[in-house]
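Below, chains carry the letters A, B, ... as their sequence lines are ordered, and counting in each starts from 1.
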Amino acid sequence: DAGVTQSPTHLIKTRGQQVTLRCSPKSGHDTVSWYQQALGQGPQFIFQYYEEEERQRGNFPDRFSGHQFPNYSSELNVNALLLGDSALYLCASSQTGFGNTIYFGEGSWLTVV
Amino acid sequence: AQSVTQLDSHVSVSEGTPVLLRCNYSSSYSPSLFWYVQHPNKGLQLLLKYTSAATLVKGINGFEAEFKKSETSFHLTKPSAHMSDAAEYFCVVISTDSWGKLQFGAGTQVVVTP
C-alpha cells in the first residue's frame, strides 16, 4: 500500500513564476491538507480539501490556491512566486473524522531564485 | 484556539541514556495530540498519538508519551537513546473545532552522541 506520494521532489523557480505541486493521498483517504515548512521551522497549515472543496484555510495569501480531484488527489498552486516561498511543501492525508491518523508525504522542496 | 509549546529547541543525549522531550499544549476543546519525527531531508513520520483513550501512549521505536490534563503536558520519552534517534521532533495538537488543522510546535532537535 503506497503512502502519500508527492511530486516533484525538488524544483527551482524564478521570482514571479507559478508552480504546481501534486499529491496522491494514501489509499482510502479522502481528506488532503497542505503545509509549508520553511527552513528551521515547524510546518504551517495552508489549507485542507475534502469532497473537492476547500474546507479550511490558514493565514496564506490568495496566491496560494488548490484543487482536489474526484479521485481525492490534490494540487497546490502558487502564483507570483516570492523568494520567501522557498520551503518544503508537505501534503498530508487522512480519512475524515476527528482522531484519525494523518499521514505525510516526503514533501516537495521548492527553491525560488 | 489551540497551540503547542515545545520547551526545548535542542536536546543532546548520549547513546543509551534516556530521552525526554517536553511539550505543553493549549486547546479550547478536547484535543488529540501527536508526536512526529522528521529525519534530515525527509517528510514527517508519526511516532504516536493520543485521542482520549489511555493517557500513557506507546509508539514506535520505543517511544512513549503521557497525557497529563492537569499540567496540559504531553512529554515524549524513550528509556535508551539510539544513534538513529537523531532527528527533529514535533509536538502537534488538533482539536475538535479545528476541522483537521494540525498546529505544530517549533520542534526539538535531538542530537545523540556516541
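- Both the backbone and the side chain of B:Lys42 come within less than 4.5 Å of a heavy atom of chain A.
- When the candidates B:Leu44, B:Leu46, B:Thr51 are compared by the number of heavy-atom contacts under 4.5 Å with chain A, B:Leu44 comes out ahead.
- Counting heavy atoms of neighbouring residues, nucleotides and ligands inside a 6.0 Å radius, atom CG of A:Leu39 does not exceed 12 of them.
- When heavy atoms are compared at a cutoff of 4.5 Å, A:Ser94 does not approach chain B at all.
- A:Gln37 touches chain B through its side chain: at least one heavy atom from C-beta onward sits under 4.5 Å away, while N, CA, C and O do not.
- Within the 4.5 angstrom heavy-atom criterion, only side-chain atoms of A:Leu88, from C-beta onward, approach chain B.
- A:Asn71 CG: more than 12 foreign heavy atoms inside a 6.0 Å radius.
- If you tally non-hydrogen atom pairs under 4.5 Å between each of B:Gln45, B:Gln103, B:Gln6, B:Gln38 and chain A, the highest count goes to B:Gln38.
- A salt bridge is absent between A:Asp85 and A:Lys13: the closest approach of a Lys/Arg side-chain nitrogen to an acidic carboxylate oxygen does not fall below 4.0 angstrom.
- B:Tyr50 and B:Phe67 have parallel rings, their planes meeting at less than 30° on a 0 to 90° scale where 60° marks the start of perpendicular.
- Looking at A:Tyr35, the atoms closer than 4.5 Å to chain B (heavy atoms on both sides) all sit in the side chain, from C-beta outward.
- Using a 4.5 Å heavy-atom cutoff, the side chains of A:Thr101 and B:Phe34 are not in contact.
- For the pair A:Ser86 (side chain) and A:Val112 (backbone), a donor-acceptor distance under 3.5 Å is present.
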